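Since the structure is predicted, the reported quantities are computational estimates derived from the model, not experimental observations. We number each residue from 1, following the sequence as shown.
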Amino acid sequence: MEIKSKIVNVFKLIFPASPIESGIFLLFFSVYGILGSYIAINYTVIFDSRIPWDAYFSFDNKSIVMSGGSFERHPLSYYFFNWLRSLALYISGGKTDTTFRLVLAWFSNLAVSLSILQIFKYLKNIIKLPFKVNLLLVIFFSFFSTSIILSFTPENFTYTLFLLTLFNHYSALKVQKEQQIPALALIFAGVSIGGLTVTNIVKVFIPVGFQRGLFKDRKKIGHAILSIILTCICFALLYLNRINFKYENIFHRTNEQYEKFSNVRSTPLWDAVLSYFFGENILLSNFIIRNKHNMQGFHYKGLIMDIYSSWIPYVFILILLLLILWSYVKNIKNKLVHILVISFMVDIIIHCILKFGIHTSYIYGGHFVFVYPLLLGWLFYAYRKSSKAFSVLTITVIFLSVYLVINNIIRMSEFFVFLDQNYQ
């Protein structure tokens, strides 16, 4: 009975557990489904066997679907995408046609819709905000460029977004209830999240350090250390098995990738950070079309984002960042806020300080963009007893949402012009 109860609780955690949650999930699943289906049916951009990478926004669709991506960055995604590809091929009768693209798009849609559900659950179960505020924040998040693009894109970041939002909700429940995070849950999270993108395994261990009384109880410290060690051992063994224990390849390829993706181009660093890292995961910018080829004679058009060309997006991002910073200041004693901020800092260090992939860091949005609505939620929580401040904050987020929706709809219409011209 205990095992059955745990299984039921897992399903309640992952999937809708009330009529309201079902409505939230079905809303986004339907809207994203229409978008993804239209693209999959009318265009080849989601998967074209001739195009290994960079068809749009530097996503490597074919490369990811066929191999899971580079082992040094995505060590265990090979196994997941093998399963996903096999299922898609089974449904499509072995062809990489419209049906194949539809399966890929709908699985991406499922992952992003479940991610939004997890954000809603966090706002409802952890922060306990009013329904209207929860709805405003998830709608705001649903129009982020990362949410829109990943909803039809078969990528590591799509599923990382879901796993990270799920684990953040789960670990927050444990920390809030002053319960230990079980070793088995930590191992599963470490292997799955770190397996899709290796640097994210660090984020799995952050909540462990915020368990109540951890540093005053030797038993709790021992449990935490043992859990982390077991997670690292399981992850390392699976990782090494993936590359036939040729561990020297990890260091060689990692250094090679860092040299390739950390060279700062002509864009000033401050602009690259503000536009690419903080901005374009949320607010789509103007596009640049470039000529690409697949190293085998096939030429195609690729789409990337440029830095912002107007002062308005910069103001939008700065206002949002000020709200996030203010949320941290107002909740400085809240350990759940510290968990979110430290997790965010991991990505800031990797992309802004170490400069890894700084000029395409908008594609890594699945690693951290969910932090924005959650920290905004904590800001609302901080002003729950001040009706005036609460109202001002609500109006501010509504104005930001309106601008976000208008901007991203216009930019997506430009994306469809690009598809009409190059991927029919």
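- One side chain, Y314 or D271, offers a donor N or O that lies under 3.5 Å from an acceptor on the other.
- Looking at N408, its side chain does come within 3.5 Å of a backbone N or O of F143 through a donor-acceptor pair.
- No option in Y32, F29, F100 other than F29 meets the ring pair (Phe, Tyr, Trp, His ring centres under 6.0 Å) test with W106.
- Using a 4.5 Å heavy-atom cutoff, the side chains of N291 and H299 are not in contact.
- With hydrogens and angles disregarded, no donor-acceptor distance shorter than 3.5 Å links the side chain of D54 to the backbone of G302.
- With a 4.5 Å cut-off on side-chain heavy atoms, S192 and L196 do not count as touching.
- Between F418 and Y423 there is a side-chain heavy-atom pair separated by less than 4.5 Å.
- L184 CG: 12 or fewer foreign heavy atoms inside a 6.0 Å radius.
- One N or O on the side chain of T231 and one on the backbone of S227 form a donor-acceptor pair closer than 3.5 Å.
- For the pair R50 and Y300, the cation-pi criterion (under 6.0 Å, within 45° of the ring axis) is not fulfilled.
- A 6.0 Å sphere centred on CZ of F80 holds more than 12 heavy atoms belonging to other residues, nucleotides or ligands.
- In summary, the side chains of D420 and Y43 do present a donor paired with an acceptor at a separation below 3.5 Å, with no hydrogens or angles considered.
- When every heavy atom of K335 is checked against every heavy atom of V175, the shortest pair comes out as CD-CG1, 3.3 Å.
- A 4.5 Å side-chain heavy-atom check between I46 and T153 finds every atom pair outside the cut-off.
- Looking at T160, its side chain never comes within 3.5 Å of a backbone N or O of H367 through a donor-acceptor pair.
- Side chain to side chain, K203 and N200 meet the donor-acceptor criterion of an N or O pair below 3.5 Å.
- Counting only heavy atoms from C-beta outward, the side chains of L137 and F120 never approach each other to under 4.5 Å.
- Ring orientation note: the planes of F144 and F140 are nearly perpendicular, at an angle over 60° on the 30°/60° scale.
- To the nearest 0.5 Å, atom CG of residue L376 and atom CG of residue L123 are 9.5 Å apart.
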List the steps and the verdict of side chain to side chain contact (heavy atoms under 4.5 Å, CB included) for N9 and S5. CA-CA 6 Å; N9 288 336; S5 176; 3.8 Å; yes
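- When I14, L117, V112 are each tested for a side chain to side chain contact (heavy atoms under 4.5 Å, CB included) with F162, only one passes: I14.
- In this structure, the side chain of K62 engages the main chain of S49 through a donor-acceptor pair within 3.5 Å.
- Within 6.0 Å of the CZ atom in F416, the count of heavy atoms belonging to other residues, nucleotides or ligands exceeds 12.
- With N331 contributing its side chain and W378 its backbone, the two residues share a donor-acceptor pair below 3.5 Å.
- Distance alone, capped at 3.5 Å, is enough to place a donor-acceptor pair between the Q118 side chain and the L13 backbone.
- Ring orientation note: the planes of F344 and F278 are nearly perpendicular, at an angle over 60° on the 30°/60° scale.
- Closest approach of N168 to S171, counting heavy atoms only: O-OG, 3.3 Å.
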After noting the C-alpha distance and the side-chain angles of F415 and Y56, does the key distance pass the ring-ring contact (aromatic ring centres under 6.0 Å, His included) rule? CA-CA 9 Å; F415 176 62; Y56 59 98; 5.7 Å; yes
Dump the intermediate steps for side chain to side chain contact (heavy atoms under 4.5 Å, CB included) on H338 and F210, then the final yes or no. CA-CA 9 Å; H338 279 288; F210 288 89; 3.7 Å; yes
Stepwise side chain to side chain contact (heavy atoms under 4.5 Å, CB included) test for L318 and L274: CA-CA 9 Å; L318 287 172; L274 201 57; 4.3 Å; yes
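- The CG atom of N281 sits 10.5 Å away from the CG atom of L283 when rounded to the nearest 0.5 Å.
- Annotation for N125 and H169: closest pair ND2-NE2, 3.4 Å, computed over non-hydrogen atoms.
- Formation of a donor-acceptor pair under 3.5 Å by the S67 side chain with backbone atoms of I64 is not found in this model.
- Here CG of L150 is found 11.5 Å from CG of N109. Values are rounded to the nearest 0.5 Å.
- I149 is listed as a side-chain neighbour of L284, based on a closest heavy-atom distance under 4.5 Å.
- Atom NZ of K128 has more than 12 heavy atoms from other residues, nucleotides or ligands within 6.0 Å.
- Note: F81 and Y159 have perpendicular aromatic rings, judged against thresholds of 30 and 60 degrees for the angle between ring planes.
- Under the 3.5 Å distance criterion, the side-chain polar atoms of R85 are matched with a main-chain donor or acceptor of M66.
- Put simply, NE2 on H351 and OG1 on T360 are 8.5 Å apart, with the number rounded to the nearest 0.5 Å.
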Output, in order, the C-alpha distance, side-chain angles, deciding distance and verdict of side chain to side chain contact (heavy atoms under 4.5 Å, CB included) for S401 and L136. CA-CA 8 Å; S401 299; L136 171 62; 4.0 Å; yes
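- When all heavy atoms are compared, the tightest approach of T98 to A40 is CG2-O, 3.8 Å.
- At a threshold of 4.5 Å between non-hydrogen side-chain atoms, the residues F167 and S343 do not count as touching.
- Judged purely by atom type and a 3.5 angstrom limit, S113 has no side-chain atom pairing as donor or acceptor with the backbone of L110.
- Of the listed residues (F368, Y362, Y364), just one forms a ring pair (Phe, Tyr, Trp, His ring centres under 6.0 Å) with F277, and that residue is F368.
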As a quick check of understanding, evaluate side-chain hydrogen bond (donor to acceptor under 3.5 Å, both in side chains) for N156 and S77, giving each step before the final call. CA-CA 7 Å; N156 304 89; S77 63; 3.1 Å; yes
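- Taking each heavy atom of Q211 and Q179 in turn, the nearest pair found is OE1-O, 3.8 Å.
- Residue Y308 qualifies as enclosed at atom OH: its count of foreign heavy atoms under 6.0 Å is above 12.
- Put simply, OG1 on T199 and NE2 on H74 are 9.0 Å apart, with the number rounded to the nearest 0.5 Å.
- With contacts defined as side-chain heavy-atom distances shorter than 4.5 Å, the pair L321/Y372 qualifies.
- In this structure, the separation between CE on M305 and OG on S145 is 5.0 Å, given to the nearest 0.5 Å.
- Taking the six-membered ring where the residue is Trp, F15 and F11 present parallel rings, their angle staying beneath 30° rather than reaching 60°.
- Minimum interatomic distance between L269 and C352 (heavy atoms only, all atoms of both residues): CD1-O, 4.5 Å.
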